[in-house]
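The shown structure was predicted, so the numbers you read here are calculated from the model rather than taken from an experiment.
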Protein chains: 2
Amino acid sequence: MLTEQGILDQLSQAGYRITRPRRAVIAALLEDEGHHSPAEVHERALVRCPTVGLVTVYRTLELLADLGLARRIHTDDGCHGYAGASHGHHHHLLCRHCGAAVEFEGCDLSPLFEKIGRTTGYCVDEHLLELIGLCPACQ
Amino acid sequence: MLTEQGILDQLSQAGYRITRPRRAVIAALLEDEGHHSPAEVHERALVRCPTVGLVTVYRTLELLADLGLARRIHTDDGCHGYAGASHGHHHHLLCRHCGAAVEFEGCDLSPLFEKIGRTTGYCVDEHLLELIGLCPACQ
DNA sequence: TTGTGTGCAAAATCTTTGCACTTCG
DNA sequence: CGAAGTGCAAAGATTTTGCACACAA
């Protein structure tokens with residue numbers, strides 16, 4: 001799990017400045033394990049830095065994601081969500097009928113990636129997995 | 001694989017009307033294996049129904065997705081993409097740098113699905129897997 | 001014929017950009 | 001001090017909604 005301090009260090013090492021708005025965004029992002037829209041992150045960040053603008057939140061989230069310090073999350077409800085980079089590698093399980101979404105973890109696809117990598121020459125380091133089925137209530 | 005005719009039948013059975021714009025959207029969606037933004041689907045649909053509006057594309061895609069006849073796909077580039085419902089079994093390997101896409105097969109995720117099914121109570125019968133990495137040329 | 005479906009235009013969101021001012025280093 | 005970072009306002013892009021007309025069934 002990447003801590004706030006760890007992220008700040010990496011930002012700094014990458015040549016970016018540590019500012020109050022950035023601290024606030026990072027803290028807001030790490031506040032819980034969920035993923036949040038830029039607007040939600042902004043709302044939380046305001047608590048720590050009352051002057052921070054939504055624009056800065058967008059820019060900071062993009063920066064963090066590009067540096068691998070945060071992750072972009074995509075779900076049916078609200079695309080463009082972000083989560084701390086190390087908040088588990090979870091995927092979504094969707095109910096085709098009622099649309100309920102559940103997160104799950106523990107997918108170990110490394111063997112598959114290696115196999116694919118050998119076959120295609122690609123260096124696979126990221127993936128998107130979405131499962132679709134029927135939830136218990138809809139079966 | 002759900003065919004255009006199959007989708008039309010199901011729409012009809014569900015009490016929805018078969019119209020030219022809807023046919024055009026469905027055909028556009030099934031035209032290839034990829035997933036596309038509403039705007040892309042619209043552009044393709046225009047070939048078959050020159051009067052179809054973007055709004056109708058949005059509404060039709062939403063309807064199809066709700067009925068399970070199309071799927072919403074989320075990726076980093078362009079959220080809100082849609083694909084034919086049965087295209088779930090074609091997987092893509094994308095190069096993050098040059099965008100090259102390769103298809104691959106032979107993913108055997110059944111053990112994972114069973115495990116997830118036991119844990120969550122869901123009956124998993126479809127999935128979307130997308131791998132992202134660097135192609136040999138870009139490494 | 002009837003009411004679902006459609007297109008248009010406009011509204012509501014969401015995201016990005018330009019620019020002068022701040023502030024970290 | 002100098003350049004990166006910020007906030008504001010405005011522009012762009014995307015998605016939704018209201019409404020009168022069109023057309024499947």
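- Partners of A:Arg17 by side-chain hydrogen bond (donor to acceptor under 3.5 Å, both in side chains), not counting sequence neighbours: none found.
- Note on residues 51-64 of chain A: no pairs pass side-chain hydrogen bond (donor to acceptor under 3.5 Å, both in side chains), not counting sequence neighbours.
- Here CG of A:Leu29 is found 10.0 Å from OH of A:Tyr82. Values are rounded to the nearest 0.5 Å.
- Near DNA chain D, meaning a heavy atom under 4.0 Å away, there are no residues from residues 6-14 of chain B.
- A:Ala28 is linked by a side-chain contact (heavy atoms from CB on, under 4.5 Å) to A:Val41, A:Arg44, A:Ala45, counting only residues two or more places apart in sequence or in another chain.
- The CG atom of B:Asp66 sits 13 Å away from the P atom of C:dG5 (whole-angstrom rounding).
- For A:Arg23, there are no salt bridge (Lys or Arg N to Asp or Glu O under 4.0 Å) partners, not counting sequence neighbours.
- For C:dT23, the OP1/OP2 oxygens have no side-chain nitrogen or oxygen of A:Thr19 closer than 4.0 Å.
- Atom C1' of nucleotide C:dT4 and atom CZ of B:Arg22 are separated by 8 Å, given to the nearest angstrom.
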With 3.5 Å as the limit, what N/O pairs link the protein to nucleotides 1-3 of chain C?
from  : atom 1 : to      : atom 2 : distance (Å)
C:dG3 : N2     : B:Arg17 : NH1    : 2.6

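- Under the 4.5 Å side-chain heavy-atom criterion for Ile, Leu, Val, Met, Phe, Trp and Tyr, A:Val55 and A:Val25 are members of distinct hydrophobic clusters.
- Atoms OH (B:Tyr16) and P (C:dG5) sit 7 Å apart, rounded to a whole Å.
- Listed by first and then second residue, the side-chain hydrogen bond (donor to acceptor under 3.5 Å, both in side chains) pairs involving residues 5-15 of chain A are A:Gln5-A:Asp9 (not counting sequence neighbours).
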Heavy-atom protein contacts under 4.0 Å, nucleotides 16-21 of chain D, coded B base, S sugar-phosphate only, - none: BBB---
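- Spacing between atom NE2 of A:His42 and atom P of C:dT13 amounts to 17 Å, rounded to whole angstrom units.
- We find that CZ of A:Arg23 is positioned 12 Å from P of D:dT6, with the value rounded to whole Å.
- Shown here are the salt bridge (Lys or Arg N to Asp or Glu O under 4.0 Å) partners of B:Arg20, two or more places apart in sequence or in another chain: there are none.
- Contact between B:Pro136 and A:Gly121 at its shortest, heavy atoms only, is CG-O, 3.4 Å.
- Whole-Å rounding puts the B:Glu43 CD to D:dT14 P distance at 12 Å.
- To the nearest 0.5 Å, atom CG of residue A:Leu69 and atom CD1 of residue A:Ile26 are 7.5 Å apart.
- The side-chain contact (heavy atoms from CB on, under 4.5 Å) search around B:Leu46 returns B:His42, B:Val52, not counting sequence neighbours.
- Direction change of the helix axis from one end of the helix from C:dT1-D:dA25 to C:dG25-D:dC1 to the other is 40°, with five pairs defining each end axis (rounded to 10°).
- The cluster map of Ile, Leu, Val, Met, Phe, Trp and Tyr, joined by side-chain heavy atoms under 4.5 Å apart, puts B:Ile7 and B:Ile18 in the same cluster.
- Atom P of nucleotide C:dC8 and atom CG of B:Leu46 are separated by 10 Å, given to the nearest angstrom.
- The nearest pair of heavy atoms linking B:Gly84 to B:Arg71 is O-NH1, 4.1 Å.
- The number of heavy atoms from other shown groups lying within 6.0 Å of CD (B:Glu43) does not exceed 12.
- Following rounding to the nearest Å, A:Arg20 (CZ) and D:dT6 (P) show an atom-to-atom distance of 12 Å.
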